[in-house]
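Since the structure comes first, as structure tokens, the remarks are kept for the end.
These numbers come from the heavy atoms of this one structure, side chains and all, not from hydrogens, waters or symmetry mates. Chain letters run A, B, ... following the sequence lines, proteins first, then strands; residues in each count from 1.
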Amino acid sequence: MNRRGFLKSVALTGAVIAVSPKFMPAGEANAKPQKMSYEEAVKKVLGVDVSKLEESSEIKLTAPSIAENGAVVPVKVEVKQPIENVESIHIFAKKNFNPHTLSMFLSPANGKAYLGTRIRLAKTMPVVAVAVLKDGRIIKTEKPIKVTIGGCG
Amino acid sequence: MNLTRRDFLELAAIAGISLTSGDALAQLNKMKPEELMSFKPVGNVTLLHICDLHAHLRPLYWREPSTLVSHPSLVGKPGFLCGKAYMEYYGIKPGTLRAYFDTYIDFIELAHKYGKMGGVAHMATLVKQVVAERGKDKVLFMDSGDTWQGTAVGLFTKGKAIVDAQNLLGVDVMVGHWEFTYGKERVLELVENHLNAEFIAQNIKDAMWEELVFKPYTIREVGGVKIGIIGNAFPYTPIANPKQFVEGWTFGIQPESMQQYVDELKNEKKVDLVVLLSHDGFALDQALAKMVNGIDIIFSGHTHDPAPKPIFINNTMIVIAGSHGKYLGRLDLDVKNGKIRAWNYKLIPVASNFIKPDPEVERFVEDAYKPYKDKLDQVIGKTETLLYKRDTFYSTFDRLIGEAIRDKTDAEIVFTPGYRWGTTILPGEEITVDNVYEMTAITYPDVYTFEMTGEQIKMILEDIADNAFNANPLYQQGGDMSRLLGLEYEIKLGAPAGKRLRNIKVNGKDLDPKRSYVVSAWGGNLYRVGKNVRPDHPPVYDVVIEYIKKQKVVKVPYESNVKVLDVKCGCPKEGGICDF
Amino acid sequence: MPKIAMIKVRPRRYKKGDLVRIDSVIMHPMNTGLVKNKKTGKIIPADYIDTVEVYYGGEKITSFKLTGSVSANPFLSFYIKADKEAPLKMVWKDITGDVTEKTVKIKPKG
């Protein structure tokens, strides 16, 4: 059993299925799932090379350092830019089977560029938050999140 | 008790007695508690603090760690200080009461000299003294949690007896961790119907809507000073302890919301002082003080450190008050216009032999024990070895528990959890049923026996090691390392995650990654990994009681089964230096 | 079959033009299609939400694309500018064709 499978089996019952890294890419329910690298996922979702993603303090990612449960990891993204300049927010989990987790497409009616959600992480990995701006820049930030079976009190 | 002149002078110094002639011991025996805790009061505010009582209503022996190591970049600094390095750091002399309370050095000899530590009746005397001296309106009593769990009386009353003790002590505000192992319904029941103190937590939310379960903070006026107190429960409760006890709640450190509450207290509520009452651990709170701005004082807990002096990170003062009821922290403050102008801090040792117990609380403790006294005071054996708990890797009491489990289950390897709480028994002393519960009183005591492959064992040990030895305290959540019987290993603490352990041997032979091993474990969720090979899951305390009864006289080795490669002693100075 | 969905507007009271946060949850297993049922050994068929749309006063203001990496019972939280009294409707669609709708009223006071 590999580490991932192992962690999966240790996770408490409720989490067993959820921790699985595998999922079908959107809209391809009948296709054979393909493992994707982070670079491939960025290319597919954003249409650009990862080198075009600019590390920035204008995007803030709030997530726990250690996940309580790999199946439910709360993540919040805030883009410190006028709402008129924010087109979309994307979350990638670098080492998931398919790193693309979700995308949000905003409009000025949102008032504030913010996304809160909960994601699945197959194992310890960095989570990347990306914002596509209307001025043409693509900004990102990332944070490593540890998925552990837990220790002692 | 055989006190030398030097001992007396030390005690006299703590007590503030000036002695010109006469029998030192007689003087000492006449000493009043107010003298033991001599303290130069400052200003208009007194904040009392305890942490990690672990349900010890009665005095006990508690030996501090003989090994307390982590990542080499963290050792030798507050949070990872023990033994000689501790004494050097804080300027404590060997053989003194302070050395006895704060370190493992000369423990047996000093235990015979100074006697047991803690006990809520003795602590109550000290608290009442402070309140009498300062006036109730100037005193606030805070408890950093891990209070309700750790003894038979705590377990049998599902925390109730300890809540009663907190009420008698006059605890005003508390936070929690092991409290939650009684289950969230029980916690709510005790908090709502029995506990006089306020139970606060800014980091416990319901998992679906992320709404607060408890009040995130409370505002108290103490000596005319408006104090905002924010609570942080142990951030990793659902990982360190079984999730089912807090199903539907989520924890975490939550520094972002903490910052919001700090700002809210300062800007909107106009408090003079912002205090964090935490069960984060000493190292994590130091990291947190760098992330959250505007906290004046952190009252820490969880890691059991006795720290006689506060430390300062940026503008935040951090204190932590040991464990097991051994200490009462007293912080006096002179606050004016939102500024601390002067302060004085003392970690008062609850030296039970020198404090007259409060009669009311003493009666309460007797009553609390009454229903269980016959069972708990039953002598089941004697020990030749000093039985202690605290050490990063190995302890004699855990070894004894491991042997008891192996005797029962015939497992090749036994895992025992690296909790920080327990008790200490001196060589030659009797072991009682109560002592066994002091080491094992948990709400999930089942011993499981199952099969695991060598590869799985290696991975789980690496995972636990990373929780204990990660260079970044934010990524540490463990207690001490799990203790293992039947397995030896070498460890490089500074190596990257997943690469710390080497030369793992099972009963003398190299660990075979492909082979299946029979493992017994308690106090965790390890058993979910493998296939159970025994249908019965006896509670660990019964297994240990039965074994000690059979042995009659207990003798276990002092030598650790773990060799640390990159730190050469158990209590290094900063930089991992072991030359003293 | 539509699922159970819930929307909360925070804070409860707000004025016209305020930024308010919308928190939403839909009860959905988010099956990835690759996990085996432990008892039967058969694969649990893929069934997860892939699209979520938000309408405010009939106008689509926000949309989401989800994958199986989003946790079961997806939680989505976002802001809107409460500049008019109008319904806020969310529509969740999963890959099996199930559509769930939920509407709340945005009613600024003052």
Side-chain angles (χ1 to χ4, degrees), chain A residues 1-19 57 59-78 80 95 114-127 129 141-153, chain B residues 146 149 177-178 181 205 207 210 234-244 246-247 250-257 302 416-421 442 453 455-456 459-460 462-468 470 472-482 497-498 523-526 528-530:
Chain A
M1 200 192 284
N2 62 15
R3 182 183 157 85
R4 188 169 65 206
F6 170 69
L7 286 176
K8 188 174 93 179
S9 69
V10 184
L12 298 188
T13 11
V16 168
I17 288 166
V19 164
S57 58
I59 182 164
K60 205 178 143 218
L61 170 64
T62 304
S65 313
I66 305 177
E68 280 174 15
N69 175 354
V72 190
V73 182
V75 171
K76 294 173 179 64
V77 183
E78 197 179 333
K80 290 169 183 163
K95 293 181 186 171
Y114 169 90
L115 165 63
T117 189
R118 298 195 273 261
I119 66 172
R120 292 168 167 164
L121 294 180
K123 56 179 171 177
T124 296
M125 69 177 84
V127 169
T141 187
E142 63 179 76
K143 177 174 181 172
I145 298 178
K146 188 157 136 180
V147 177
T148 173
I149 60 154
C152 308
Chain B
D146 271 7
Q149 173 280 339
H177 166 205
W178 273 90
T181 62
K205 291 165 188 170
E210 301 178 10
F234 182 53
Y236 300 121
T237 301
I239 311 174
N241 307 94
K243 267 191 188 70
Q244 68 261 25
V246 288
E247 194 69 57
T250 176
F251 290 63
I253 306 170
Q254 312 283 0
E256 297 82 11
S257 54
H302 178 58
T416 290
Y419 303 144
R420 292 186 175 88
W421 49 268
I442 64 172
T453 65
E455 193 184 358
Q456 289 176 327
M459 277 188 288
I460 193 132
E462 289 284 4
D463 194 68
I464 298 168
D466 193 55
N467 286 333
N470 197 296
N472 183 348
L474 294 176
Y475 290 88
Q476 293 186 355
Q477 61 87 13
D480 291 324
M481 189 76 184
S482 295
N525 55 16
L526 247 189
R528 293 173 194 270
V529 180

What are the two closest heavy atoms between A:Lys146 and B:Asn470, and how far apart are they? NZ-ND2, 4.0 Å
Looking at A:Asn69, is its backbone amide N or carbonyl O close enough to the side chain of B:Lys243 to form a donor-acceptor pair, meaning the two atoms are under 3.5 Å apart? no
Of the backbone (N, CA, C, O) and the side chain (C-beta and beyond), which part of B:Pro255 lies under 4.5 Å from a heavy atom of chain A, both, or neither? neither
Where does B:Thr453 contact chain A at under 4.5 Å (heavy atoms): side chain, backbone, both or neither? neither
Heavy atoms only, distances under 4.5 angstrom: which of A:Pro144, A:Ala67, A:Gly116 has the most pairs with chain B? Name it, please. A:Pro144
Hey, is the main chain of B:Thr250 close enough, under 3.5 Å, to the side chain of A:Glu68 for a donor-acceptor pair? no
Value rounded to 0.5 Å, distance of OG1 in A:Thr124 from CG in B:Asp463: 7.5 Å
Looking only at heavy atoms, the pair that brings B:Tyr475 and A:Lys143 closest together is OH-CE, 4.2 Å
Value rounded to 0.5 Å, distance of OG1 in A:Thr148 from CG in B:Asn467: 4.0 Å
Non-hydrogen atoms of chain A under 4.5 Å away: do they reach the side chain of B:Tyr236, the backbone, both or neither? side chain
What distance do A:Lys60 atom NZ and B:Glu256 atom CD have between them, rounded to the nearest 0.5 Å? 5.5 Å
What are the two closest non-hydrogen atoms of B:Glu210 and A:Pro74, and how far apart are they? OE2-CB, 4.0 Å
Using non-hydrogen atoms only, which part of B:Ala497 is less than 4.5 Å away from chain A: side chain, backbone, both, or neither? neither
